[in-house]
Structure formats: structure tokens, C-alpha cells
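Worksheet: the structure to be examined is printed underneath.
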Amino acid sequence: MSKEENKLQHLAVIMDGNGRWAQKRGLPRSMGHRKGAEVVKEITRAAAELGIRYLTLYAFSTENWKRSKDEVDTLMGLLREYLKSDLKEIQEKNVRIRFIGERDMLAGDIVEKMAQIEADTANNTDMTLCIALSYGSRQEIVSAVRKTAALVKSGDISINDIDVELFSDMLYTQNMPDPDLVIRTSGERRISNYLLWQIAYSEFYFSDILWPDFTKEALENIIKDFNQRERRYGKA
Ligand code: FPP
């Protein structure tokens, strides 16, 4: 598929099924997450090749903190590896990295690295890779309400200034267009507290493929399906 054939500007993905992928092979869940992290790199590369401008990946939800300490440690370990890995390809492909989520829940060294990567890639313009980390959409909305209320309290805005645009700017995703398409892998059909405000008019695709088995080819087939859809945004 060429860049011209792809009509997707912002793709959001719920990467599900790492645990089941490992279980099916008699492997520990951690191996599923490890393979999943490799697929993150492959799909980022594929998205850049397809000319997708924004790719938002759900790497760790606020609810994921409730998993066993072992599993949380594995996921944080993989994340550290990812953050400390070579960013040469990201820079060469002109990719900007952004993180959304509750940073105060994360370890200090991870938060520091995140800020550094965001700064190092801030001027890259071909694609934005947005990683949702310790992310929960309801928490994001509550935090946006607090920021908005603080602006009213300080007198910087009046209540009547609050509209869809202003509120969107208070979210972690400020200045990003809404997702055109949300893909969830592994056959589950839920949104799981992901981008609730931003997906008002998004299309959805639920794939049965487990995330560690997800490929560029699978992505291209989903984009072909998306390209056929008629989006009306509530109009007749
Ligand atoms: C869902 O699988 C996946 C996650 C909870 C985390 C996604 C994380 C990765 C793909 C790897 C790390 C990411 C980066 C950016 C390095 P699950 O464990 O819920 O699978 P299951 O439903 O089959 O148990």
C-alpha cells in the first residue's frame, strides 16, 4: 500500500492479547509482553511508511497498576528498555514522541527519560507517536476539568469561554487531531477507558489477531476496510 492510498491521519490502537499469546505457547505472560514490545517497533515503522501522521498506542492503563507486582515490573522493565533503546531510527524517520497519562504514578527515572525523549524529538514533523502510559481517559477528563476550573477561578477565562475547543486543549492530547480509527486486537470489544472524549466520531475495528501476531499486512487490510467507510459525522 502506498502513502497515497492511505486515508488515515490518526490511528489509535489498543494492543491487547499479549498474555493469551504467551499462554497459547505455554510461555510466561512476560514473553507475550516482550514480543508485544517488538511489534510496537514494527508497527511504528509500518505507520511511518504508510504516511500515518499520528499513532497513539495504549501501552499501560491506570487500571493496569492493579496487575500483579511481577507483571507491572515486567511491563515497566520493557518500557525502560524501550525508552533507553537507540532512538536513531525515530530521529531518521522524523518521528516526534509524546506521552499521555499520569506521570506522577511512574518511577522517577522513567519520567525523566520521557521528558528527555519528548524534548529530543520535539521538532520532528513527519509523524507523532503518542504513547499512552499510566493513562486513563476519565482521569484525563477530570484533570482537564480541574485545569479549566483553575482558569475560571483565577479570572483568566469566564464560564462562557468554556467550549469544545477550549476543553480539548486542556486534555493531554492538546493540539492532536481526534483519532480517525481505533483498532483493538485480540477479539475483545471494549474501549477500556481509552480516549473517551477524543473518539466521539472515530471508526472502530476489532481484530481477532493477538497483538504479538499483528503485522504490517494486517494493518494494511484494516486501512483498506477503513478507506471504504463513509464518515458522516452526524450529518445526513
Ligand atoms: C495487553 O495484553 C497489553 C498490555 C497490558 C500492555 C501493552 C504493552 C506492550 C505491547 C509492550 C510494552 C510497550 C512498549 C511501548 C514498550 P494483556 O496482557 O491484557 O493480554 P491478555 O488480555 O491476553 O491477558
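Keep in mind that this is a model prediction, so the values were computed, not measured. Every number for a ligand or one of its atoms is a count from 1 in the order of the listing.
In this structure, Asn175 and Asp169 have side chains that are in contact, with non-hydrogen atoms separated by less than 4.5 Å.
Distance check: Lys84 NZ to Ile117 CD1 gives 10.0 Å after rounding to the nearest 0.5 Å. Within the model, atoms CD1 of Ile43 and CD of Glu38 stand 12.5 Å from one another, a figure rounded to the nearest 0.5 Å.
Contact annotation: Trp211 has at least one heavy atom less than 4.0 Å from an atom of ligand 1. In this structure, Ala59 has a heavy atom closer than 4.0 Å to ligand 1.
Residue Arg67 holds the heavy atom nearest to atom 18 (O) of ligand 1 of all those in Arg67, Glu38, Arg20, Lys35.
Screening Asn124, Thr44, Thr121, Leu83 for a side chain to side chain contact (heavy atoms under 4.5 Å, CB included) involving Ile97 leaves a single residue, Thr121.
With hydrogens left out, the protein atom closest to atom 12 (C) of ligand 1 is Ala37 CB, 4.1 Å, a heavy atom. Regarding atom 3 (C) of ligand 1, its nearest protein heavy-atom neighbour is Met15 O, 3.0 Å. The nearest heavy-atom contact from the protein to atom 10 (C) of ligand 1 is Asn18 ND2, 3.5 Å.
Ion pairing between Glu42 and Lys216 fails under the 4.0 Å rule for side-chain N and carboxylate O. Salt bridge Asp225/Arg229: present, at least one basic N to carboxylate O contact under 4.0 Å. A salt bridge does not link Glu49 with Arg45: every distance from a Lys NZ or Arg NE/NH1/NH2 to an Asp or Glu carboxylate oxygen is 4.0 Å or more.
At a heavy-atom cutoff of 4.0 Å, ligand 1 is contacted by no atom of Arg184, backbone or side chain.
Atoms of ligand 1 found under 4.0 Å from any heavy atom of Tyr82, numbered from 1 in the order shown, are 16 (C). The His33 neighbourhood of ligand 1 comprises atoms 11 (C), 18 (O), with distances under 4.0 Å to a heavy atom of that residue.
An N or O contact shorter than 3.5 Å is missing between Asn64 and ligand 1 by distance. Polar contact with ligand 1: present for Arg29 (N/O pair, distance under 3.5 Å). The shortest N or O to N or O distance between Trp21 and ligand 1 is not below 3.5 Å. Close N/O approach between Gly19 and ligand 1 is found [any backbone or side-chain N/O within under 3.5 Å].
Using cut-offs of 30° and 60° on the angle between ring planes, the pair Tyr194 and Tyr58 is parallel.
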Inset, instruction - Would you check, one step at a time, whether the test side-chain hydrogen bond (donor to acceptor under 3.5 Å, both in side chains) holds for Arg20 with Ser186? - result: CA-CA 9 Å; Arg20 275 163 286 162; Ser186 90; 2.9 Å; yes
